[in-house]
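Lettering of chains follows the sequences in order, A, B, ..., and the numbering in each one begins at 1.
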Number of protein chains: 2
Amino acid sequence: MPAKSKIPKAGEPARAATINDIARLAGVSKKTVSRIINNSPLVRQDTREKVETLMREVGYVPDPLARGLAFRRSFLIGMVYDNPTAQFIVNMQYGALDTLRGSGFELVVHPCDSRSPNYIDSVRRFVQQQKLHGVMLVPRVSEDQALADMLAEIGVRYVRIAAVSLDAPERMVVTHDRDGAAEVADYLQSLGHTDIAMITGPRDYRSSIERSEGFVAALEARGITLPPGRVVEAGYTFESGVAAAETLLGGKKRPTAIFCGNDEMAAGVYRVAMRAGISIPRQLSVVGYDDSPLASRLWPPLTSVRRDTRDTGRISAAMLLLAEGAPRQMASVRPHLIVRDSCQPPG
Amino acid sequence: MPAKSKIPKAGEPARAATINDIARLAGVSKKTVSRIINNSPLVRQDTREKVETLMREVGYVPDPLARGLAFRRSFLIGMVYDNPTAQFIVNMQYGALDTLRGSGFELVVHPCDSRSPNYIDSVRRFVQQQKLHGVMLVPRVSEDQALADMLAEIGVRYVRIAAVSLDAPERMVVTHDRDGAAEVADYLQSLGHTDIAMITGPRDYRSSIERSEGFVAALEARGITLPPGRVVEAGYTFESGVAAAETLLGGKKRPTAIFCGNDEMAAGVYRVAMRAGISIPRQLSVVGYDDSPLASRLWPPLTSVRRDTRDTGRISAAMLLLAEGAPRQMASVRPHLIVRDSCQPPG
DNA sequence: CTGAAAGCGCTTACAG
DNA sequence: CTGAAAGCGCTTACAG
């Protein structure tokens, strides 16, 4: 036994146990303890049990800093995003933490500004300096191929959450926004609407493209065509929704139903309808996307497409924790329509 | 020079520079480089400049894992919270990251369930295992003295964000909710309201106590008394706001104004008023607290008390980064009323 | 299946 | 103001 075992002074909080303490107390080498920590199969079962019991009794937890230094990789998962709604971010975080809890990994959040010219560089610095174990890319940064390429180049594991597959299957969690929009189309058609309009998000958002294309295609399949004037591009914000609604509702002949690319813009439609004295749903049916809390705060409660963001976060984090060699495939999260009171057959 | 300098194979990405590389290239000892990294004054100015230039050229960044191991403390700030609204959490995170960006520190988020019997233990494990540099306690966990005591006992630095001071000044960021509520009282009184009601949050939330006591006291000071029947306790949620509003608006004589402890509950009042055909603000004035995005999505736009949550996050993180010996004092963030269209003089 | 040695990239005493 | 030695708590080859 080396002579340096420190005797803690009385009153001083006992320093936390280390791998050396466990090895000594268990009468094995520290390498064996290390093997147990890392779930190596090269340990006899009885040795493993003896040591694990001891670790539990002593309350030993391996130091992530020391492990990280030796591994050249930390036990941190990074979540990188640009500017989604607060509820979306928080649900994604909750989901990721659901799977990280108890794993020894922690979640480091990293919002960034993808319009900034050097944002990819700044994400690279973040990832490299922290030696992240893996990175979750949330829309819309998840759609940026240059960002993904950079991460691949520096050899860090990542998962992309997006409306469609954009990468190798084991790196994708796909939310199938096209299907959600198609469900809206079917619903509105089934109510009898034929003069339908849509307010889309920005055309450089993949989610926006998928939602609008999916909507148009599903309507076509049911024999309804959306003329160009009935599709207005907005910016996924409340204010842009207001502006788009003014365009759509200010004309001579109003559509009888509007599908909005998200709930924020649907709230904008509500605002304009309220001011113009247009009754929802009697004179105008409205559907949103996201099923945010806002949807049920509005009056009448907004019919909207739910995406299970928390589950998306859970799955994404789980994909990052999978062992290097484990079989991996694309994950899917399916949207579905939540019907509330904002639609009815056209007057 | 030790003989172990590795020659990287061609094609292999050059390994990142270490403190040894910098020391060798600069012709100083690694201790001197370490002093420069840690801003020690015990370095000659020209030495410092020479080495700093070199570090920049090489793109050297000290490894937080190695530093953390040697310091016995990581470069991570933890944010611990229970269940505030999404917007509040996100703004707090943005604020904290505003000050952390470029500092070498990162933000680790840690939501928890303060009703769980062992939550304090689970926070302790989190803090100790990660060897956190500091912890931000967000309401309502910030109000839990047992949690703060635990953190003090294990010797970790923390900051508490709360409606009133609950701890040593250098550990407090105070949001003065009492003042915000008083401003609402003054405003409603100035409009001529005398039959006023309040929907409060849970009585075991400090923010709730401060907002209701502050409101009642300020009304008293202006000669208005709130009878017990005009104060209804709810749970800071939309649904509880609906229930409270039904109580207040279902009676014979309705109040002409309602102050709600947060915007979510104010949305509940809107819902009940809408269903009952009570016009806001013509027949009923409503005020909220938080100035969340919801406030401007509602119709009519809701007058509400703004608290600058992002700034609160900024300040809190800054207090945690202050050097051990730096002079420190209590920080304050002041609320203020944002007047929109949900109030007018009583009919 | 197990172990002794060397190393990950830093900092902390201790000297000078 | 500067440096050589030892150590932080782990893991990775390399032996056996």
Using distance only, find each side-chain donor-acceptor pair of residues 54-71 of chain B under 3.5 Å and give its atom names and separation, not counting sequence neighbours.
from   : atom 1 : to      : atom 2 : distance (Å)
D63(B) : OD1    : L65(B)  : N      : 2.7
D63(B) : OD1    : A66(B)  : N      : 3.4
D63(B) : OD2    : K131(A) : NZ     : 2.9
R67(B) : NH1    : N38(B)  : OD1    : 2.7

* Think T32(A) has a side-chain N or O under 4.0 angstrom from the OP1 or OP2 of dG3(C)? -> yes
* Asked: Rounded to the nearest Å, what distance is computed from the NZ atom of residue K131(A) to the P atom of nucleotide dC8(C)?
  -> 12 Å
* Asked: Taking CD1 from I37(B) and P from dG9(C), how many angstroms apart are they, rounded to a whole number?
  -> 13 Å
* To do: Output yes when at least one side-chain N/O atom of R67(B) is less than 4.0 Å from OP1 or OP2 of dG9(C), else no.
  => no
* Would you indicate which nucleotide in dC10(D), dG9(C), dT12(C) comes nearest to any side-chain atom of I19(B)? => dG9(C)
* **Nearest-neighbour nucleotide for the T18(B) side chain, dC10(D), dA13(D), dG9(C) considered** => dG9(C)
* Structure fact -> Side-chain contact check for P62(A): nearest option of dC10(D), dT11(C), dT2(C) is dC10(D)
* Using atom CZ of R73(B) as one end and atom C1' of dG9(C) as the other, report the distance to the nearest whole Å. => 19 Å
* Do the side-chain N and O atoms of R160(A) and Q145(A) include a donor-acceptor pair separated by under 3.5 angstrom? -> yes
* Taking CD from Q128(B) and C1' from dG9(D), how many angstroms apart are they, rounded to a whole number? -> 16 Å
* Using a cut-off of 4.0 Å on non-hydrogen atoms, how would the nucleic acid contact of Y60(B) be classed: base, sugar-phosphate, or nothing? -> sugar-phosphate
* If we ignore angles and hydrogens, is there a donor and acceptor under 3.5 Å between the side chains of R125(B) and Q129(B)? -> no
* To do: Let me know the distance between CE of M55(A) and P of dG9(D), rounded to the nearest Å.
  => 17 Å
* **N/O donor-acceptor pair, side chain R35(B) with base dG3(D), under 3.5 angstrom** => yes
* Would you kindly give the CD1-to-C1' distance between I36(B) and dC10(C), to the nearest whole Å? => 15 Å
* Look at D82(B) together with R140(B) and state whether they make a salt bridge at an N to O cut-off of under 4.0 Å. => no
* Taking atom P of dA13(C) as reference, at what distance in whole Å does atom CG of N38(B) sit? -> 13 Å
If you look only at distance, which donor and acceptor atoms sit under 3.5 Å apart when one is on a side chain in residues 168-175 of chain A and the other is two or more places apart or in another chain?
from    : atom 1 : to      : atom 2 : distance (Å)
R171(A) : NH1    : Y158(A) : OH     : 3.0
T175(A) : OG1    : A162(A) : O      : 3.3
T175(A) : OG1    : D177(A) : OD1    : 2.6

* Measure from the side-chain heavy atoms of V28(B) and tell me the nearest of dC8(D), dG3(D), dT11(D). => dG3(D)
* Asked: Is any side-chain nitrogen or oxygen of S34(B) closer than 4.0 Å to OP1 or OP2 of dT11(C)?
  -> yes
* Asked: Is it the case that D311(A) and T309(A) place a side-chain donor and acceptor less than 3.5 Å from each other?
  -> no
* Nearest-angstrom distance from the residue atom CG of L69(A) to P of dG9(D) -> 12 Å
* Asked: Pick the nucleotide of DNA chain D nearest each of V33(A) and R44(B); which residue has the one closer to the 5' end?
  -> R44(B)
* Structure fact -> For DNA chain C, the dot-bracket notation using Watson-Crick and G-U wobble pairs below 3.5 Å, [ ] for pseudoknot-type crossings and | for other-strand pairs, is |||.||||||||.|||
* Can you figure out which of dC1(C), dG9(C), dC8(C) approaches the side chain of L42(A) most closely? => dC1(C)
* To do: Examine the side chains of S116(B) and N118(B) and answer whether a donor and an acceptor come within less than 3.5 Å of each other.
  => yes
* To do: Tell me which nucleotide among dC10(C), dG3(C), dT12(C) gets nearest to the side chain of K30(B).
  => dC10(C)
* Structure fact -> Sorted by position of nearest nucleotide on DNA chain C, 5' first, the leading residue of V61(B) and G27(A) is G27(A)
* Which part of the nucleic acid, if any, lies within reach of P64(B) when heavy atoms closer than 4.0 Å are counted: base, sugar-phosphate only, or nothing? -> nothing
* Listed nucleotide nearest any side-chain atom of K31(B), set dG9(C), dC8(C), dG3(D) -> dG3(D)
* Using distance alone, with no hydrogens and no angle criterion, decide if Q87(B) and Q87(A) have a side-chain donor and acceptor under 3.5 Å apart. => no
